[in-house]
Amino acid sequence: MKQFRKILKFELKNYLQSKSFVGITVFLALAIAVVMFFPRIAENFKKDKADSAPKDRETLLLVDQTEYAPLTEEAFAVAFGKYEVKKAQSVAVVEELITKGEAECAFVLESLTSYTYWVNNLSMYDTNTQVADEVLKELYRTVSMTNAGLSAEEVQNIMTAQIQSQVKTLGVDQMQNYWYTYIMIFALYMVILLYGQMVATNVATEKSSRAMEVLVTSADPVAMMFGKVLSSCLAGFTQLLVIFGTAMVSFNLNKGYWDAEGVITAMFDMPAELLIYMLLFFVLGFLIYAFMFGAVGSTASKLEDISTSVMPITMLFVVGFVVVMISMTANTVDTLLMKICSFVPFTAPMAMFTRIAMSTVPAHEIAISVGLLAASVVGVGILSAKIYRIGVLLYGTPPKFGAICKALRQA
Amino acid sequence: MVLEMRNIQKSFGEKKVLQGVSLRAEGGKAFGLLGRNGAGKTTSIRILMHVFPANGGEVLFDGAPIDYNKVQFGYLPEERGLYPKKKIIDQLVYFAELKGMDYKSAVRSVDYWLNRLGMTEYRNKRLDTLSKGNQQKIQLITALAHDPHVVILDEPFSGLDPVNAMLLKDVVREVIAKGKIVLFSSHQMNYIEEFCDSIAILNGGKVALSGDLHEIKRNYPRNRLVIRSTQSDAIATRFGEACQQGKDGELLLTLASPDEKQSIMKLLAETYDIDEMKVFEPSLNDIFVEYAEKEV
């Protein structure tokens, strides 16, 4: 236990004193702070612009061949706020002005239900015809109803009828939880692959520098493995805490500016229960993979071998990630595959959390999944310590999986 | 203090690396573990230090099964290496702490040894800024700082300049004088001969020869004479096949039996012009070559 503490302290100091670790943490924290402050900054710029130079609006020409001229002109002026709507006399004028570039586009209305849209270059994002369709439909209905003998007030009421509605969620709000889940899965993905690689490299570095020869005769391999993995876990959490802490603080400072963005606001308003599950699955998921990465790192004798050695673990993780991501986006989180995944310890952190967040999972299923996962973390931890003990003294080409199993049985 | 290995067996897969190795090393004395590459020296050391368990046999300390929580080992591995990018003081203190020292005594002890080996000026430097020989001195501290009961030195003199070799010899003598068990593994026979009272030669995972070095030498058949003479050719002709050329123009004369020694020496002294004549005593090198080269 004493040894474990010494190792943990030494390894943690390694992380916290490393320039790249501090650099990346500060950079990400700053980046996220900038994002959170962006609306405030943008608003200031906008104000400046509005004061200095009002933007010239493009011209939209309207040729009205119907008998509702003043009505159409008024409606188009309202609907196309970003244009200066001008009347034109004929199609010839329209063609000329558009070609010269003095007007951007033109509507030639033949009747309330048919028109021609003139434009020089039709942009991919041009929605003017859709707007015009709406305007004309409304006009047509209004005119038709008036003609049928309804009063102006009655027409008004029909056209602006409002539907009152409310949503009552008994299970979970998938729309809101989608984003937490998305962020958690992505964070887990990045942190596990990043830190897992770090643990593997750390072990392999000791081996390639032969510091291992002394280490393995000085410390218990179980203490060594747990010390290394838990220190990387703590380092990872310190990093996440700094980054998400900065995000939280800078969000709260700028809360007023984010009101319009429902998704962002909802994201910072995560229910406590979900947060606890998130932390739980995060820690357990991190540990189980970090142990495996550590064990694999110990079987590589050169740093160059690491990337090939960790491939199977990375693949396992990526497969789980893809299954969860697809289920999430397809909104089928309760399929049989997902259910299986949420009990298999290697995919449970992602799959079970996703199910909890986006569906209703019975408490006993959660308990079984967490129990299996926690037991596997301890099991994989001890097993990886054993592999470590054997692996660190093997030099040369990385041993085959079978050879390790054989050695394990003998040890 | 007595450290013993009794009938230790170890296999890696199908390969039998140790087949019944027994050794005995005493406190206040140095023990030389010899053998060619792949003879099983490192495996024996690792089993002694409990890096992995043996398949059979036992390790005893003072006659009882060894308790690794109580008996401390210091180890200078043949494959040297620590943390190249770390400050020297930091890593030395870390290793001493891993061996159970508290922080303060670890710092004190490391500072003592840095001073003793003339390395104090490098205390706060990174390891990879040091020369190879100096890195080796730093590594020696990891083997000694925690004041272990047993010190295992694997090729301790390789790569050291004569001045540093002298310094290391002094340190080793000090450690032996303190009553520690010192276990040497080396291919530099002159150092083993200088320090070790007893030796064991491993060959193919078995002990080919072991015991007190002086006794081994004394018990060597005393049936060979080393002769330096101005009339070498005449002597060689007279004794025919029994006479071989030794090094530096010496003749090596093998007698039919040690009993003939006296009479033959007398005969030679009376008949030829002899500069020097003595009974051949094998060097450790000779003994090693004889016992380690046979295929077992």
Side-chain angles (χ1 to χ4, degrees), chain A residues 1-15 17-20 201-221 223-224 227-228 231 301 303 386-396 399-400 402-411, chain B residues 10-15 42-43 45-55 68-69 72-87 90-103 106 127-128 135-136 138-146 148 150-152 154:
Chain A
M1 202 55 202
K2 201 172 150 198
Q3 253 184 2
F4 166 73
R5 277 207 309 275
K6 302 273 184 208
I7 296 166
L8 186 71
K9 201 178 116 197
F10 183 80
E11 295 288 340
L12 192 59
K13 224 167 116 189
N14 263 357
Y15 280 111
Q17 284 178 345
S18 120
K19 285 191 192 93
S20 60
T201 312
N202 180 315
V203 174
T205 309
E206 277 171 359
K207 200 174 160 187
S208 72
S209 78
R210 301 292 197 257
M212 194 57 83
E213 297 272 337
V214 181
L215 274 176
V216 84
T217 56
S218 310
D220 174 40
M224 204 74 214
K228 273 178 189 303
S231 67
S301 13
L303 284 178
K386 282 189 175 167
I387 295 178
Y388 175 85
R389 183 181 198 149
I390 296 163
V392 289
L393 294 169
L394 297 174
Y395 296 108
K400 298 247 162 27
I404 294 177
C405 293
K406 217 170 170 185
L408 271 180
R409 253 181 280 133
Q410 286 177 352
Chain B
K10 180 74 189 175
S11 320
F12 292 116
E14 298 296 302
K15 199 175 166 219
T42 307
T43 306
I45 291 173
R46 285 182 176 157
I47 287 175
L48 261 182
M49 298 187 68
H50 201 50
V51 173
F52 37 65
N55 299 126
Y68 286 98
N69 292 320
Q72 289 274 7
F73 284 83
Y75 179 41
L76 178 72
E78 186 184 5
E79 297 265 15
R80 320 264 199 255
L82 297 171
Y83 293 105
K85 306 280 177 204
K86 297 231 122 239
K87 267 207 294 191
D90 287 352
Q91 48 182 316
L92 287 179
V93 168
Y94 174 56
F95 282 113
E97 282 185 288
L98 282 183
K99 300 277 177 61
M101 287 185 112
D102 63 81
Y103 180 76
L127 184 71
D128 58 0
Q135 290 193 21
Q136 186 163 331
I138 294 298
Q139 181 135 22
L140 182 67
I141 298 179
T142 62
L144 299 173
H146 58 293
V150 184
V151 179
I152 298 177
D154 203 342

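From a predicted model like this one, the values you see are computed outputs, not experimental measurements.
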Peer 1: Let me confirm one number: the CZ-CD distance from A:Arg5 to B:Glu97, rounded to the nearest 0.5 Å.
Peer 2: 10.5 Å
Peer 1: Excluding sequence neighbours, so at least two apart, what forms side chain to side chain contact (heavy atoms under 4.5 Å, CB included) with A:Val216?
Peer 2: A:Val392, A:Leu393, B:Val51
Peer 1: Who wins among B:Tyr83, B:Phe52, B:Tyr75 for the most heavy-atom pairs under 4.5 Å with chain A?
Peer 2: B:Tyr83
Peer 1: With sequence neighbours left out, what residues match B:Tyr68 under side chain to side chain contact (heavy atoms under 4.5 Å, CB included)?
Peer 2: B:His50, B:Val59, B:Ile66, B:Phe73
Peer 1: Please rank B:Pro77, B:Gly100, B:Ala143 by heavy-atom pairs under 4.5 Å with chain A and give me the top one.
Peer 2: B:Pro77
Peer 1: What residue in A:Ser209, A:Ala223, A:Ala219 has the most heavy-atom pairs under 4.5 Å with chain B?
Peer 2: A:Ser209
Peer 1: Need one label for B:Lys85: side chain, backbone, both or neither, based on atoms under 4.5 Å from any heavy atom in chain A.
Peer 2: neither
Peer 1: Report which part of A:Lys6 has an atom under 4.5 Å of a heavy atom belonging to chain B: side chain, backbone, both, or neither.
Peer 2: both
Peer 1: To the nearest 0.5 angstrom, please state how far the OG1 atom of A:Thr217 sits from the NZ atom of B:Lys99.
Peer 2: 5.5 Å
Peer 1: Take the angle between the ring planes of A:Phe10 and B:Tyr94 and call it parallel below 30°, perpendicular above 60°, tilted in between.
Peer 2: parallel
Peer 1: Where do A:Gln3 and B:Leu98 come nearest, in terms of heavy atoms and distance?
Peer 2: NE2-O, 2.9 Å
Peer 1: Taking the side chain as C-beta and beyond, is there a heavy-atom pair between B:Arg46 and A:Glu213 under 4.5 Å?
Peer 2: yes
Peer 1: Could you state the interatomic distance from OG (A:Ser218) to CE (B:Met49), rounded to the nearest 0.5 Å?
Peer 2: 7.0 Å
Peer 1: Could you tell me which portion of B:Gln139 (side chain, backbone, both or neither) has an atom closer than 4.5 angstrom to a non-hydrogen atom of chain A?
Peer 2: side chain
Peer 1: Can you tell me how far CE of A:Met212 sits from CG of B:Leu82, rounded to the nearest 0.5 angstrom?
Peer 2: 12.5 Å
